[in-house]
Amino acid sequence: MTSRLKLLAPLIVALCVALFPTPAGLDPHAWYFFAIFLGVVVGLIFEPLPGAVIGLIGVAVAALLAPWVLFSPEQLAVPGFNSASSAFTWAVSGFTNSVVWLIFGAFMFALGYEKTGLGRRIALWLVKTMGRRTLTLGYAVMLADLVLAPFTPSNTARSGGTIYPVVRNLPDLYDSHPNDPSMKRMGSFLMWTAIVSTCITSSLFLTALAPNLLAVALTESATSIRIGWGEWFIAVAPVGILLLLLAPLLCYWLCPPEVKSGSAVSDWAAEELKKLGGLTRNEVILLCLVLIALALWIFAGDMISSSLVGILVICVMLILGILNWDDILSNKAAWNTFFWFATLVALAGGLNQVGFVGWFGNMVGGRISHFDPLVAMIALTAIFYLLHYFFASVTAHTTALLPVMLAAASGIPGIDMHMFVLMLLPTLGIMGILTPYGTGPSPVYYGSGYLPGPLWWRLGAIFGLLFLVAWLAIGVPWLALIL
């Protein structure tokens with residue numbers, strides 16, 4: 001598809017949908033708002049412009065056309081109602097969302113890891129300690145991702161930016177080269193273990209994947225159900241921890257390395273650690289701040305907002321010189337994500353505000369109301385998961401399908417929406433394993449030359465199915481037990 005067509009596709013889709021007759025039972029302004037929302041989703045899929053720009057355009061257009069797309073004639077007829085002021089309040093509502101600020105704070109944690117070198121030090125120490133056997137080296141790669149995951153909402157930054165540069169140096173030490181039969185000696189195993197690990201950790205922690213936080217915000221907007229950091233972790237822990245423990249072993253069996261042991265990797269990591277020297281003041285301070293933040297997220301959620309914890313840690317890092325203001329201003333990924341998600345939260349909230357979500361939920365729920373609630377939840381979760389084959393972005397997947405799934409479930413009599421939300425949302429991380437474009441770091445590992453297309457598609461299907469079965473077979477009974 002040409003760049004011009006990609007740029008026009010969102011507009012064409014929005015106009016075509018708007019010109020269709022308004023479905024029965026839905027107000028025209030709600031249908032027009034849905035057309036704008038669908039155009040934004042198409043833009044996020046094709047990406048003719050950065051995601052933040054597409055979201056900002058969508059919000060601006062909806063706010064500009066507010067009398068026709070955001071407010072009903074009854075609302076406009078209320079004496080003293082100011083549509084311009086109300087439209088602007090709606091347009092910036094995403095920027096006051098607490099989850100959006102939590103995402104921003106977590107990006108600053110990741111920046112601290114990068115600037116102090118603590119993330120690389122942790123990865124190298126694990127490789128040095130566990131690198132003499134290939135299997136335990138796989139566990140070192142997994143543990144490195146696990147340690148960084150709770151504070152790095154970009155798995156691209158965590159795995160692609162911190163883990164991959166370390167892992168990429170290891171295969172060459174055993175004469176394992178990309179795009180060559182020798183990749184099977186060690187490279188393929190290590191790369192696959194790294195991407196599998198980051199997909200699992202992305203599901204295990206709420207703050208390990210930015211779309212997790214977006215999904216929580218969209219869910220709260222649509223259903224008023226609020227999911228905290230601790231509740232998410234408790235819900236996912238039995239399956240997530242089990243999968244993490246098994247992941248390197250499964251990779252060892254299904255993508256077996258030819259080299260089983262050796263000292264070269266461990267020796268290389270030891271040399272790199274020597275170059276780094278001892279722990280610096282900033283690394284020690286950051287480590288303390290990370291542990292304090294994690295404790296507050298887990299145990300003090302009722303006393304202090306998770307988002308406020310993130311902001312306070314940023315303030316302390318600035319005061320103590322871990323970061324400076326220029327570091328924050330120059331962190332394009334953080335600001336891009338902040339604007340991107342703030343606008344998507346506002347747009348998704350608009351769907352609920354105009355009544356589209358309620359109408360769609362009643363329509364779909366009426367058609368599948370004869371399903372057993374548990375069967376319906378499992379079916380919707382499996383569909384949501386497998387449809388990721390058609391998305392090159394977890395964010396686009398979340399924005400496009402999550403409101404639909406929540407609306408469909410809300411229309412099913414007897415369904416436990418709290419349980420359904422906790423069943424659905426954690427699949428966002430593990431679904432990234434399905435394709436070479438399924439999640440942020442996937443193209444990095446695919447482009448390494450150690451995971452050619454046929455190998456990825458085969459292993460992606462196997463691991464994707466294992467993850468889904470494990471989640472439904474273990475996770476669903478666990479959720480039924482704790483809720």
Side-chain angles (χ1 to χ4, degrees), residues 109-110 112-152 155 157-178 182-198 200-201 204 208 241 244-252 255-291 294 441 444-445 448 450:
F109 274 110
Y113 270 123
E114 180 183 348
K115 186 174 180 182
T116 63
L118 181 60
R120 175 174 168 81
R121 182 185 296 276
I122 291 170
L124 287 170
W125 181 80
L126 286 167
V127 169
K128 170 182 174 291
T129 305
M130 305 175 67
R132 292 190 177 275
R133 295 183 61 84
T134 307
L135 178 58
T136 56
L137 179 59
Y139 276 95
V141 171
M142 178 272 287
L143 288 171
D145 197 290
L146 177 64
V147 171
L148 300 176
F151 313 97
T152 316
N155 61 1
R158 177 175 75 251
S159 189
T162 301
I163 305 298
Y164 176 78
V166 174
V167 173
R168 178 61 185 84
N169 285 289
L170 306 183
D172 288 339
L173 300 175
Y174 289 100
D175 200 28
S176 179
H177 304 294
S182 65
M183 65 185 180
K184 296 179 181 179
R185 289 176 59 81
M186 181 177 284
S188 296
F189 163 73
L190 287 177
M191 297 299 171
W192 188 249
T193 302
I195 187 63
V196 167
S197 299
T198 204
I200 299 172
T201 58
L204 182 59
I241 293 173
L244 276 178
L245 292 174
L246 292 177
L249 186 60
L250 290 172
C251 296
Y252 193 79
C255 187
E258 294 174 357
V259 176
K260 306 300 182 183
S261 62
S263 61
V265 165
S266 182
D267 294 341
W268 171 82
E271 286 299 317
E272 292 296 308
L273 281 171
K274 277 185 182 179
K275 294 177 185 178
L276 290 178
L279 275 171
T280 64
R281 162 191 173 273
N282 286 355
E283 286 178 283
V284 173
I285 293 173
L286 179 61
L287 187 59
C288 293
L289 291 175
V290 161
L291 294 176
L294 183 59
V444 176
Y445 289 98
S448 70
Y450 288 101

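Residue numbers count from 1 along this sequence.
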inquiry  = Between Arg132 and Asp267, does any side-chain N to carboxylate O distance fall below 4.0 Å?
reply    =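 Salt bridge: yes.
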Salt bridge flag under 4.0 Å for residues Arg120 and Glu272 =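 Salt bridge present between Arg120 and Glu272.
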Nearest heavy atoms of [X] and [Y], plus distance in Å:
{"X": "Thr193", "Y": "Gly138", "value": "CG2-O, 3.5 Å"}
{"X": "Phe189", "Y": "Leu135", "value": "CZ-CA, 4.5 Å"}
{"X": "Thr134", "Y": "Pro257", "value": "CG2-CG, 3.6 Å"}
{"X": "Tyr139", "Y": "Leu245", "value": "OH-O, 2.6 Å"}
{"X": "His177", "Y": "Ser182", "value": "N-OG, 3.0 Å"}
{"X": "Asp172", "Y": "Arg168", "value": "OD2-NH1, 3.4 Å"}

So for atom [atom1], which belongs to [X], do other residues, nucleotides or ligands contribute more than 12 heavy atoms lying within a distance under 6.0 Å?
{"X": "Arg133", "atom1": "CZ", "value": "no"}
{"X": "Trp268", "atom1": "CH2", "value": "yes"}
{"X": "Lys115", "atom1": "NZ", "value": "yes"}

key: Derivation of the side chain to side chain contact (heavy atoms under 4.5 Å, CB included) call for Asp175 and Val259   = CA-CA 10 Å; Asp175 200 28; Val259 176; over 6 Å; no
Gap separating the [atom1] atom of [X] from the [atom2] atom of [Y], nearest 0.5 angstrom:
{"X": "Leu126", "Y": "Met142", "atom1": "CG", "atom2": "CE", "value": "9.5 Å"}
{"X": "Leu143", "Y": "Leu148", "atom1": "CG", "atom2": "CG", "value": "11.0 Å"}
{"X": "Leu286", "Y": "Leu118", "atom1": "CG", "atom2": "CG", "value": "5.5 Å"}
{"X": "Met186", "Y": "Tyr174", "atom1": "CE", "atom2": "OH", "value": "5.0 Å"}
{"X": "Ile195", "Y": "Ile163", "atom1": "CD1", "atom2": "CD1", "value": "11.5 Å"}
{"X": "Thr129", "Y": "Leu124", "atom1": "OG1", "atom2": "CG", "value": "10.5 Å"}

query = Under a 4.5 Å cut-off applied to non-hydrogen side-chain atoms, are Pro441 and Tyr164 in contact?
reply = no
Side chains of Arg158 and Thr198, donor plus acceptor under 3.5 Å =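 Yes, Thr198 and Arg158 have a side-chain donor paired with an acceptor closer than 3.5 Å.
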message = Between Thr201 and Asp145, do the side chains contain a donor N or O and an acceptor N or O under 3.5 Å apart?
response =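 Yes, because at least one side-chain N or O of Asp145 sits under 3.5 Å from a partner of the opposite role on Thr201.
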Check for a donor-acceptor pair, side chain of [X] on one end and backbone N or O of [Y] on the other, with a separation under 3.5 Å.
{"X": "Thr136", "Y": "Met130", "answer": "yes"}
{"X": "Ser159", "Y": "Asn155", "answer": "no"}
{"X": "Arg121", "Y": "Gly278", "answer": "yes"}
{"X": "Ser176", "Y": "Gly187", "answer": "yes"}

